[in-house]
Amino acid sequence: MAVDLLLGLQWGDEGKGKIVDVLTKDYDIIARFQGGPNAGHTLIFDGTKHVLHTIPSGIFHKTAMNVVGNGVVIDPVIFKKELENLDKHKIDYTSKLLISRKAHLILPTHRLLDAASETSKGKAKIGSTLKGIGPTYMDKTGRNGMRVGDLELENWKEKYDALTEKHLKMLQFFDVQVEFNLDELEAEFIRGIDKLRNLQFIDSEEYLNQAIKAKKTILAEGAQGSLLDIDFGTYPFVTSSNTTAAGACTGLGVAPNKIGEVYGIFKAYTTRVGSGPFPTELFDKDGETMASVGHEFGATTGRPRRCGWLDLVALKYAVDVNGVTQLMMMKGDVLSGFESLKICTSYVYQGKEITHFPYNIEPENISVKYTEFKGWKADLTGMTNQEQLPKNLLDYIAFIEQETGVPVTIVSVGPDRKQTITRK
Ligand code: IMP
């Protein structure tokens with residue numbers, strides 16, 4: 001059986017959590033493969049909103065197993081809060097949540113280093129979520145990191161102390177003051193670890209490959225989006241992991257020839273949180289309307305998201321880099337009421353019109369060209385099948401399918417599980 005992938009194709013916040021939740025009934029195992037508590041996956045069902053940061057979005061399903069893969073970075077403090085939230089809702093996770101021994105741990109001092117690094121950058125800051133993601137992946141690739149499996153060793157605290165000591169020295173290199181109380185941070189970290197120890201630590205690559213052989217169905221859940229990928233995103237304004245399809249292979253230990261469907265999730269428009277270039281960004285009433293109707297605030301940080309028209313140049317790039325086989329369009333309902341809509345179909349880069357995503361998309365290097373579409377007035381939020389969708393929306397979707405060469409198989413018309421239209 002193949003592993004299907006579900007990935008965001010823009011700058012994150014596409015609505016991956018909702019779609020994983022919708023698809024979970026078809027899968028035995030849901031596995032997260034990269035990122036950490038910088039993610040915020042929102043699920044709404046039975047009138048309740050749940051936000052998950054590190055835990056896979058299949059956790060609310062009765063039978064699905066949930067795996068936090070080796071490519072993920074875990075902050076035990078935030079993980080504990082997520083588990084307590086599940087406790088509050090009486091979700092039994094102990095037998096359904098498995099953690100890779102090879103996943104790296106975010107230490108309190110990683111968070112301090114993240115804050116010091118961002119502050120020292122001044123205007124050039126990335127706009128990080130400040131969850132310690134960058135410093136933790138730096139320790140991973142620098143071969144200094146601490147992993148979940150280390151917690152099973154008797155000398156884990158020595159490892160922790162040595163790494164913390166090193167981080168405190170590194171903090172002194174920054175020309176900025178970061179206030180902290182190390183004892184409090186450490187006590188909180190240890191409480192987090194104690195909670196984490198209630199879960200099963202596993203060799204997740206072995207578990208998943210055995211599951212593939214046993215013909216179990218597996219869905220790999222991506223975090224962030226393709227344009228935040230460390231290699232293919234808008235570097236340096238990116239996160240520190242591979243958010244694209246290849247990241248699922250390295251982040252789970254699953255071979256490329258075991259990948260099946262690649263579901264690419266995108267919003268009917270574009271948003272971005274944090275700094276960095278955004279060619280189709282709007283600074284007018286249309287952008288304000290998208291932000292307010294779409295409730296565009298970060299699920300992790302609460303920061304307002306920047307909004308703009310759909311960028312098909314960037315979307316086609318993401319489709320290629322990931323090998324997307326099915327597209328899923330989110331938040332079409334937010335565009336109801338616009339007289340006309342625009343899709344960016346090419347850039348003008350160094351005086352030439354281009355249709356591929358170039359090295360440099362800063363505003364001084366690029367301007368955008370749009371194709372215009374007629375809007376629709378109808379409220380989509382109560383619609384349940386594609387026959388009800390307005391013709392102008394279907395034309396909008398048909399254009400995207402024609403340009404990308406990939407079918408749009410799901411149209412989401414609201415945040416609830418039920419507000420999901422499947423297309424044949
Ligand atoms: P970091 O991964 O927290 O260091 O943040 C790096 C960049 O990625 C910043 O611009 C963040 O706003 C952005 N980012 C990180 N995680 C997410 C996410 O889950 N959704 C949207 N943007 C994200």
Side-chain angles (χ1 to χ4, degrees), residues 6-20 32-43 50-57 68 71-75 77-78 82 104 106-107 110-121 123-141 221-244 247 251 265-267 269-278 281 291 294-308 314 318 330-331 361-362:
L6 184 140
L7 307 156
L9 300 182
Q10 294 159 318
W11 279 288
D13 309 316
E14 295 90 353
K16 295 175 289 293
K18 165 177 167 166
I19 295 298
V20 178
R32 272 281 301 268
F33 60 88
Q34 47 70 230
N38 49 349
H41 290 175
T42 306
L43 294 79
H50 303 269
V51 180
L52 296 169
H53 298 287
T54 328
I55 296 176
S57 303
V68 178
V72 175
V73 289
I74 298 175
D75 184 336
V77 177
I78 297 179
E82 278 187 68
H104 278 245
I106 302 177
L107 270 53
H110 281 129
R111 271 185 270 130
L112 300 178
L113 285 169
D114 212 0
S117 163
E118 273 289 80
T119 312
S120 71
K121 283 192 169 123
K123 280 202 182 122
K125 72 174 184 200
I126 309 287
S128 163
T129 59
L130 301 178
K131 303 293 176 198
I133 304 295
T136 307
Y137 279 114
M138 276 167 70
D139 269 338
K140 174 177 176 173
T141 51
E221 174 183 11
Q224 290 83 50
S226 301
L227 303 178
L228 289 170
D229 182 276
I230 184 72
D231 285 285
F232 300 106
T234 47
Y235 193 88
F237 300 100
V238 293
T239 190
S240 299
S241 62
N242 280 116
T243 59
T244 44
I265 316 288
F266 71 103
K267 272 184 199 166
Y269 48 101
T270 311
T271 63
R272 171 159 210 178
V273 63
S275 331
F278 179 178
E281 183 168 9
H295 307 289
E296 295 296 356
F297 294 93
T300 298
T301 57
R303 292 180 293 177
R305 296 179 187 141
R306 300 151 66 191
C307 297
M330 311 302 288
K331 290 196 152 181
I361 62 158
E362 271 75 26

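Both ligands and their constituent atoms are indexed starting at 1 by order of listing. What's counted below: heavy atoms across the whole structure, side chains too, no hydrogens, waters or symmetry copies.
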Among T270, T234, T271, side chain to side chain donor-acceptor pair (under 3.5 Å) partner for W11: T234
Qualifying residue, where the test is side chain to side chain donor-acceptor pair (under 3.5 Å) with Q224 and the options are D13, N38, D229, T239: N38
Applying a 4.0 Å heavy-atom criterion (strictly less than), which segment of [X] is in contact with ligand 1: side chain, backbone, both, or neither?
X	result
F237	neither
R272	neither
T129	both
D114	neither

contact_flag Q224 ligand 1 heavy-atom lt 4.0 Å: yes
Whether A223 lies under 4.0 Å from ligand 1, heavy atom: no
Between [X] and ligand 1, is there a nitrogen or oxygen pair with a distance under 3.5 Å?
X	value
K131	no
S240	no
G127	yes
T239	yes
S275	no

Out of all atoms in ligand 1, which are within 4.0 Å of some heavy atom of [X]? Include the element for each.
X	result
V273	10 (O), 12 (O), 21 (C), 22 (N)
L228	8 (O), 13 (C), 14 (N), 22 (N), 23 (C)
W11	21 (C), 22 (N)

Check against side-chain contact (heavy atoms from CB on, under 4.5 Å), S57 and L43: CA-CA 8 Å; S57 303; L43 294 79; 4.1 Å; yes
Nearest-option assignment for atom 12 (O) of ligand 1, heavy atoms, candidates E118, H41, R303: R303
Could you tell me whether the side chain of [Y] reaches within less than 4.5 Å of the side chain of [X], counting heavy atoms only?
X	Y	result
L228	S241	no
D75	T54	no
I78	K131	yes

Is [X] reaching over with its side chain to a backbone N or O of [Y], donor-acceptor style, under 3.5 angstrom?
X	Y	result
E82	H53	yes
R272	P277	yes
T119	A115	yes

Considering non-hydrogen atoms of the protein only, which is the closest contact for [atom], and what is the distance?
atom	answer
atom 5 (O) of ligand 1	S128 CA, 3.5 Å
atom 21 (C) of ligand 1	D13 OD2, 3.1 Å
atom 6 (C) of ligand 1	V238 O, 3.4 Å

Between D139 and H104, a side-chain donor and acceptor under 3.5 Å: no
CD-CZ distance between E296 and R303, expressed to the nearest 0.5 angstrom: 13.5 Å
